[in-house]
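Down below is the structure, laid out as C-alpha cells.
Values below: all heavy atoms of this structure, side chains included; hydrogens, waters and symmetry mates excluded. Both ligands and their constituent atoms are indexed starting at 1 by order of listing.
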Amino acid sequence: VGTVFAYLVAGDPLTLIDTGVGYPEARQALETGLLAKGYRLADIRRVLITHAHADHAGNAGWVQERSGAEVWIHPDEGRKLEQADWYREGRLAVMESSGMPPEEQAQIERYFRMGRAWQTLPSWRPLSDGQRLDFAGGQELEAVVLPGHALGHTGFRTGETLVGGDHLLRGITPNPIMEPVLPGHPDAVAHAPDRALTLGQFLRSLERVAALPLRLVLPGHGQPILDHRKVVREYEATHNRRLETVLSRLNGGRTAWEVTLLLYPRVTGFDRFLALSEVLAHLDLLVVRNRAALTGNLFAPK
Ligand SMILES: [Zn+2]
Ligand SMILES: [Zn+2]
C-alpha cells in the first residue's frame, strides 16, 4: 500500500488518528512529523484507531507506552488486536470450508504470525457509532462506524471533513477482507454464520458516507478526496461488475478457492488470502441476493 498516513488533531487533548506500522522507520517518521508541529510523542493524550490493520494500529501500543495516551478503537477491531484463539480458529475454519488446501492455509497463518510482530497491543477503550470525542473550546470529532474493509472500521468526522481510514482511497478499491465473527454478530452471513457479510457491510457504509455532506476525506493512503460521492459510485460500479464476473465463473458449482484461482491465478503469498476474501465476499452477497446457492462448500448459480 505504500505510505500510510497518521493525522494529528492539534487540540486539547492532543489527538493522533492512526499510528503507522510498528517499524523503526515509521516510528521515526511519526516523531519527526510531530516535532515539525512542535510536539513530542509524550504530549499525545488520545489515540483514535480507524481499524486494527498493522499499517494503522501497529504503533498504538508503542505510542501509549511513551505517552500514557488513551487508545480508542471499535470493539470488533480491538478484539482483533488481542489475537484471541477464536479469531484464528474462525479464520482457519473459513479457509478450510472455502476449499483452500492445508499447505496454503499454513502459509497464510505464517503471514498472520509475522504481522503480529509489527503490532504492539495497547490497552484500549471501545468506540461506538456516533460517539462524540470532545476537545477544549467546544470542538469535537464524531465517530462514524463504516464497516466493510474491516469489521469495525471507523472514520472520524468534524463538520465537512472525514478522516476516513481505508474506506475511501483514490484509485484503489479497498478489499472486503474476510472476518470470522462470534455467534450472534449482527452482520454474520445467514448461510455461513461464522463469517461477516463483508461486501454487504461495505456497500452499506458507502451509502452512509455518500449521504454525508463532506468536502474533504483524508484517507489512510494516497491523495485527499474532494469528491467522495464520485469515489462511492466508482466503487459500486466495480463491485457490481465483479459480482457478475464471479457469478459467471461458477459453472455447475465451484468452491470459493477454485473461483479464486480462476480469477486471480497470478497472486502469491498473503495476497492469496486477500484474493480469497474478495471472492468469498462476492459469493456470499450473491447468495444473499438469491443469485447463487451454497450447497456443502460449492457455490452454484441459481
Ligand atoms: Zn486496512
Ligand atoms: Zn491501510
- Can you say whether the rings of H51 and H56 are parallel (under 30°), tilted (30 to 60°) or perpendicular (over 60°)? tilted

- Give a yes or no on whether H53 keeps an N, O or S atom under 2.8 Å from the Zn ion (ligand 2). no

- Criterion salt bridge (charged side-chain N to carboxylate O under 4.0 Å, His left out) on E179 and K80, from CA distance to verdict: CA-CA 10 Å; E179 295 271 9; K80 288 196 283 191; 2.6 Å; yes

- Using 2.8 Å as a strict upper limit, say whether an N, O or S atom of H51 approaches the Zn ion (ligand 2) that closely. no

- Task: Validate the cation-pi geometry between R46 and F135: distance from NZ or CZ to the six-membered ring centre under 6.0 Å, angle to the ring axis within 45°.
- Result: yes

- From the Zn ion (ligand 1) out to just under 2.8 Å, does an N/O/S atom of D55 turn up? no

- Task: Check each of T158, T15, L127 against L133 using the side chain to side chain contact (heavy atoms under 4.5 Å, CB included) test, and report the only one that passes.
- Result: L127

- Message: Before moving on, can you tell me the angle at the Zn ion (ligand 2) between the NE2 atom of H221 and the OD2 atom of D166, to the nearest 10 degrees?
- Response: 110°

